[in-house]
**Student:** 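Before I ask anything, let me first share the structure, which is written out below as structure tokens.
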Amino acid sequence: MVAASELLQTMLDGRRDAAVGADVGHAEITDVVASLAQLNGARGLVVRSHGGLARVAEDLGVSWRLGGPYEEKIPPPPMALAANG
């Protein structure tokens with residue numbers, strides 16, 4: 001989603017910098033915006049599936065390994081964030 005957002009920003013900046021009309025590239029920008037919506041929907045489905053699988057595991061008595069569901073997320077150190085943009 002970040003890459004698609006950056007692409008959208010680049011497209012908008014490019015259109016502005018080129019001083020072209022709003023109709024230039026509009027269909028392509030619309031496609032990128034639609035792709036963001038679809039990516040967000042897919043992400044939501046994956047997140048929801050994790051919750052469902054956690055319930056199934058609990059119902060079946062399956063134990064979790066490698067941190068398990070709902071493990072605490074430890075953010076990367078600040079330098080790692082800066083290095084990755």
**Student:** Taking only residues two or more places apart in sequence, or in another chain, which ones meet Asp13 in a salt bridge (Lys or Arg N to Asp or Glu O under 4.0 Å)?
**Tutor:** Arg16
**Student:** Please list, one pair per line, the donor and acceptor atoms closer than 3.5 Å that link side chains of residues 25-39 to other protein atoms, with sequence neighbours excluded.
**Tutor:**
from: His26; atom 1: NE2; to: Thr30; atom 2: OG1; distance (Å): 3.4
from: Thr30; atom 1: OG1; to: His26; atom 2: O; distance (Å): 2.9
from: Ser35; atom 1: OG; to: Val32; atom 2: O; distance (Å): 2.6

**Student:** Mind checking side chain to side chain contact (heavy atoms under 4.5 Å, CB included) for Leu45 and listing every partner two or more places apart, or none if nothing turns up?
**Tutor:** Arg48
**Student:** Using a 4.5 Å cut-off between side-chain heavy atoms of Ile, Leu, Val, Met, Phe, Trp and Tyr, which other residues end up in the same hydrophobic cluster as Val20?
**Tutor:** Val24
